[in-house]
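All remarks here apply to the structure that follows.
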Amino acid sequence: MSRLPFELLLALRYLRPKRTFVSVITLISVLGVTLGVAVLIIVISVMTGFDKQLRDKILGFNPHLRIDLEGGTMRDYPRVMRQIAANPKVKGVAPFIIGQVLVESEPRVGQSKVAAPWVRGIQPELETNITILPHSIIEGKFDVSDQGLVIGSEFARHMDLQVGDRLMIYSPKDLKIWRQSVTNQQARVPTPPEYEVRGIFDVGYYEYNLSFIVGALSDAQDLYDLSNSVHGLMVMLNDAYEAPAVAKDIARLLGPEYHVVTWMQENANILNALVVEKNVMFYLLFFIMIVAALCILSALITFVVQKTREIGMLKALGATDLQVSLLFLSQGALVGAVGDLAGYGLGMLALAYRNEFLHFMNRLTGFQLFPSDIYGFSELPALIVSRDILLICGSAWLVCILGGLIPAWRAGRLKPVEALRYE
């Protein structure tokens, strides 16, 4: 004798494949739940992976906190650095200069190219504690001494630059002198300084690889005529997610004339957009499972009508209203459970081979479905979070149970006399 409740035994028996319309609808319901769960797992895992990888790239190249002086440059930055470094939550502090410049390549053959990247002046001995830049060199070496530069891989590709090539950099000061020379009709225009490409970096994010060149702090001070001052300080913390609390402590320490900005505030637009997109995708794709629940509802209503005589016999033999209702609720729960398991397996399989499938579709269609110049990543990221999986599978199962609620309630209210009247 089986130890399973008779409600579950009957539910399993009624779900056996038969050549009936109800069995076809049940199969469609299982497929609907499977696809809904699989698609939700794939999309939410990819969105979560994209969010995490974007945060990692942002935090790898940018500081956790950026500090500048309201309305001007920072002259006594060594003193401020010592004050900030005394905080036990601070991992490293370094000065920086950042601004947009005009650069012109000096090719050995062919035409020169012009671009307007952002130049960042750094102290190389402190950079290891601030960013991943020293460990991201793919060609040459991390050397910015004596007017040396390290440039992004995409910037190098667009400008046809290699290690050892030279760049002329026109700073705002140079452009101002050039404009004055033209206005005053001077015969000789000052020549901008030349810099040598010593290394090429790849920090894993297309926008940074395309838009940034990095030089020594002293060279950037000369470009912007800053003497011994800097634009601000970059602060790296032991825990990036403590940035808001540490920012408040540093702001109180330094006073109102200093402006402290966290990495979350600097990148709020894109990070919030990702959260909104993830939530919207969840709600939209969840409708697939609602459609599957409606199929379950339709199948069970038809099934209740077909099994009216059997329901009457069960009640005549002593089955309670609750037991009859549980019989049909169990059918919805079993359909949901099978769909959940199949959808989970399909989703995990698709995530495991997502990049292989992406490359296959790229070759098949002839164009990039996930272009790195738009999304910033060369591979499709994914991160499987147990909480998200439980939410998806649990909500799908709950919707399937709710789909069987009305038929179960109707079957439970059926009177034995009415059910057996014409038998």
Side-chain angles (χ1 to χ4, degrees), residues 61-85 90 92-104 114-131 133-134 142-152 155 166-181 183 189-199 201 208 211-236 250-251 253-261 263 266:
F61 192 74
N62 292 310
H64 297 159
L65 299 176
R66 194 185 299 270
I67 302 171
D68 54 49
L69 191 61
E70 293 283 357
T73 57
M74 196 180 296
R75 289 187 174 275
D76 59 342
Y77 66 90
R79 176 187 63 82
V80 180
M81 286 177 62
R82 288 193 295 270
Q83 287 181 299
I84 296 171
V90 173
V93 189
F96 75 90
I97 294 172
I98 190 168
Q100 201 164 15
V101 294
L102 187 68
V103 301
E104 183 180 3
V114 177
W118 291 84
V119 64
R120 188 153 94 177
I122 61 168
Q123 286 187 339
E125 64 273 14
L126 300 177
E127 194 66 16
T128 304
N129 291 329
I130 303 298
T131 69
L133 189 60
F142 183 68
D143 180 14
V144 294
S145 60
D146 300 324
Q147 293 189 325
L149 292 174
V150 291
I151 63 176
F155 179 79
R166 304 191 73 80
L167 279 175
M168 287 193 297
I169 299 183
Y170 298 84
S171 67
K173 179 185 70 172
D174 297 323
L175 295 175
K176 183 178 180 180
I177 295 173
W178 178 81
R179 186 171 63 250
Q180 290 174 349
S181 300
T183 303
V189 178
T191 304
E194 288 186 353
Y195 291 81
E196 181 185 359
V197 177
R198 303 273 177 78
F201 64 81
Y208 296 152
S211 305
F212 279 90
I213 60 177
V214 180
L217 187 71
S218 56
D219 292 334
Q221 286 172 330
D222 292 338
L223 284 172
Y224 282 89
D225 198 18
L226 292 178
S227 185
N228 291 323
S229 60
V230 296
H231 284 158
L233 299 176
M234 299 185 293
V235 181
M236 208 70 173
I250 292 176
L253 175 67
L254 298 180
E257 65 272 17
Y258 288 91
H259 187 218
V260 184
V261 181
W263 66 274
E266 283 190 325

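- Judged as a side-chain hydrogen bond (donor to acceptor under 3.5 Å, both in side chains), and not counting sequence neighbours, N228 has no contacts.
- By the 4.5 Å heavy-atom criterion applied to side chains, V144 and D219 are not counted as neighbours.
- Between atom CG of residue L167 and atom CG of residue L149 there is a gap of 6.5 Å, rounded to the nearest 0.5 Å.
- Every side-chain hydrogen bond (donor to acceptor under 3.5 Å, both in side chains) that N62 has, sequence neighbours left out, goes to Y208.
- Atom NE2 of H259 and atom CD of E70 lie 5.5 Å apart (nearest 0.5 Å).
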*Could you walk me through whether M236 and M234 pass the side chain to side chain contact (heavy atoms under 4.5 Å, CB included) test, one step at a time?*
CA-CA 7 Å; M236 208 70 173; M234 299 185 293; over 6 Å; no

*Yes or no on side chain to side chain contact (heavy atoms under 4.5 Å, CB included) for I151 and Y195, after CA distance, side-chain angles and deciding distance?*
CA-CA 11 Å; I151 63 176; Y195 291 81; over 6 Å; no

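- Proximity of a side-chain donor or acceptor of Q221 to a complementary backbone N or O of S229 within less than 3.5 Å is detected.
- Side chains of H231 and T73 form a contact here, defined as non-hydrogen atoms less than 4.5 Å apart.
- Inter-residue side-chain proximity for Y258 and L253 is flagged as unmet; no heavy-atom pair is nearer than 4.5 Å.
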*Please lay out, stage by stage, how I84 and I250 fare under the test side chain to side chain contact (heavy atoms under 4.5 Å, CB included).*
CA-CA 7 Å; I84 296 171; I250 292 176; 3.9 Å; yes

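- With sequence neighbours excluded, the residues satisfying side-chain hydrogen bond (donor to acceptor under 3.5 Å, both in side chains) with R166 are E194.
- Counting all heavy atoms, side chain and backbone alike, W263 lies closest to P63 at CB-O, 3.7 Å.
- Within the 4.5 Å cutoff, the side chain of P193 has heavy atoms near those of the L223 side chain.
- For D76, the side-chain hydrogen bond (donor to acceptor under 3.5 Å, both in side chains) partners two or more places apart in sequence, or in a different chain, are R79.
- Closest approach of I130 and V93 over heavy atoms only: CD1-N, 3.8 Å.
- The heavy-atom pair separating L233 from F96 by the smallest distance is N-CE2, 3.3 Å.
- Evaluation of the salt bridge (Lys or Arg N to Asp or Glu O under 4.0 Å) rule for E266 yields R66 as partners, not counting sequence neighbours.
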Expected list for residues 114-129: side-chain donor-acceptor pairs under 3.5 angstrom, two or more places apart:
residue : atom : partner : partner atom : Å
R120    : NH1  : F61     : O            : 3.3
R120    : NH2  : F61     : O            : 2.9
E127    : OE2  : T131    : OG1          : 2.7

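- By the 4.5 Å heavy-atom criterion applied to side chains, M74 and P95 are not counted as neighbours.
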